[in-house]
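Taking it in order: structure first as structure tokens, then the write-up.
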Amino acid sequence: MKQLKLGFFTSHGGSNMQAIIDACKTKKLNMKAAIVISNNSKSKAIKRAKAEDIPCYHLNSKTHPNSDELDAIITKKLIEHEVDLVILAGYMRKIGPKTLNKFKGKILNIHPALLPKYGGKGFYGIYVHESVINNNETETGVTIHLVDGKYDHGKTINQIRVKVLKNETPESLQKRVLTHEHKFFVDTLRKISAGEIEI
Ligand code: GRF
């Protein structure tokens with residue numbers, strides 16, 4: 001089976017990206033981190049990419065004010081680095097039409113809730129978990145889905161449920177869900193490369 005090359009998009013912590021990089025390094029995953037793109041030059045994700053010696057690019061609407069040019073350079077970088085699968089791991093921007101078209105069906109996003117619930121515009125970071133708790137949900141979860149032009153919208157390819165505990169705070173829930181995300185993302189990628197999940 002061909003070793004798939006991964007292109008990461010991240011905006012902040014990059015802990016999901018790190019979990020996947022670690023799994024590649026320990027051969028739990030037969031994949032390779034080929035490139036990291038971040039819109040945020042101060043992100044921990046960029047530091048992680050540099051520490052791992054992964055080619056890393058800071059690209060956003062300041063570096064490329066014309067959105068078509070930004071989309072084009074992002075697509076070009078992914079092609080140059082021979083990316084097979086694009087991983088959105090905490091990326092806070094929409095993907096442009098050129099990239100979406102070139103990598104159709106090959107872009108995955110992780111979301112810390114049971115989509116279609118608690119997804120879309122405004123549902124990011126702690127706001128997702130605050131809403132779950134305010135609505136007295138007894139369970140939440142993690143969703144990995146294909147990416148289209150809308151936030152948190154494409155076809156769900158894998159989902160796990162996570163119980164909401166008594167006396168849970170948005171912060172405690174966020175922390176627990178994130179721990180599940182790390183393992184779940186790696187498991188899902190392993191199933192994709194083994195052909196157990198078709199994308
Ligand atoms: C995760 O909760 C992910 O589901 C969401 O953004 C967060 C990113 O965390 N899309 P990290 O940058 O991977 O630490």
Side-chain angles (χ1 to χ4, degrees), residues 6-25 28-29 31 33 35-52 54 56-60 85-95 99-100 107-133 137 139-165 168-190 192:
L6 305 176
F8 291 97
F9 283 63
T10 78
S11 297
H12 296 292
S15 68
N16 276 291
M17 177 186 82
Q18 187 72 58
I20 296 166
I21 292 170
D22 291 348
C24 292
K25 290 201 304 194
K28 213 168 167 182
L29 272 181
M31 294 184 175
I35 175 176
V36 175
I37 292 174
S38 180
N39 61 306
N40 176 2
S41 63
K42 298 197 167 48
S43 64
K44 189 167 176 189
I46 285 204
K47 292 195 181 83
R48 291 181 192 271
K50 288 188 176 151
E52 299 287 347
I54 301 167
C56 180
Y57 299 90
H58 170 226
L59 298 170
N60 63 17
L85 206 54
V86 175
I87 306 286
L88 307 193
Y91 187 60
M92 306 298 285
R93 294 284 178 275
K94 271 194 186 153
I95 298 295
T99 312
L100 279 178
I107 310 179
L108 303 177
N109 181 45
I110 188 162
H111 186 76
L114 290 173
L115 289 177
K117 285 164 104 180
Y118 305 105
K121 206 166 166 38
F123 284 110
Y124 62 90
I126 198 74
Y127 301 118
V128 174
H129 307 288
E130 265 172 16
S131 305
V132 166
I133 287 181
E137 299 281 5
E139 64 174 13
T140 181
V142 183
T143 305
I144 293 177
H145 65 94
L146 291 176
V147 172
D148 60 17
K150 297 182 193 159
Y151 282 120
D152 306 322
H153 186 261
K155 180 185 163 204
T156 291
I157 61 161
N158 208 4
Q159 202 167 49
I160 46 160
R161 292 170 185 277
V162 176
K163 278 207 161 53
V164 178
L165 304 178
E168 189 103 72
T169 63
E171 290 76 16
S172 68
L173 186 58
Q174 182 179 41
K175 211 169 152 192
R176 268 187 332 102
V177 170
L178 188 61
T179 307
H180 284 279
E181 287 183 49
H182 297 159
K183 186 174 177 303
F184 184 57
F185 219 160
V186 170
D187 285 349
T188 302
L189 289 173
R190 194 196 50 72
I192 289 172

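We count ligands from 1, going down the list as the structure has it; atoms in each ligand are counted the same way. No hydrogens, no waters, no symmetry mates; every other heavy atom, side chains included, goes into these values. Index from 1, following the sequence. The model shown is predicted, which means the values in this text are computed figures rather than measured ones.
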Evaluate [X] for polar contact with ligand 1, using N/O atom pairs at a separation under 3.5 Å.
X: G14; result: yes
X: H12; result: no
X: I110; result: yes

With no hydrogens and no angle check, do the side chains of H129 and T140 hold a donor and an acceptor under 3.5 Å apart?
-> no
Could you verify whether a donor N or O on one side chain and an acceptor N or O on the other, from S11 and N40, lie under 3.5 Å apart?
->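 There is no such pair (donor and acceptor under 3.5 Å, judged by atom type) between the side chains of S11 and N40.
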Identify the closest protein heavy atom to atom 6 (O) of ligand 1: which residue and atom is it, and at what distance?
-> G90 CA, 3.4 Å
Closest approach of any protein heavy atom to atom 11 (P) of ligand 1, naming residue and atom |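 Of the protein heavy atoms, S15 N, 3.4 Å lies nearest.
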Is the count of non-hydrogen atoms from other residues, nucleotides or ligands lying under 6.0 Å from K94 atom NZ greater than 12?
->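 Counting other residues, nucleotides and ligands, NZ of K94 exceeds 12 neighbours.
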With K183 as reference, evaluate D187, T179, V186 under the side chain to side chain contact (heavy atoms under 4.5 Å, CB included) test and give the passing residue.
-> D187
Per atom 4 (O) of ligand 1, closest listed option by heavy atom (H111, E181, K44) =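 Heavy atom nearest to atom 4 (O) of ligand 1 belongs to E181.
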Keeping the roles fixed (side chain from T143, backbone from L115), state whether a donor-acceptor pair exists under 3.5 Å.
-> yes
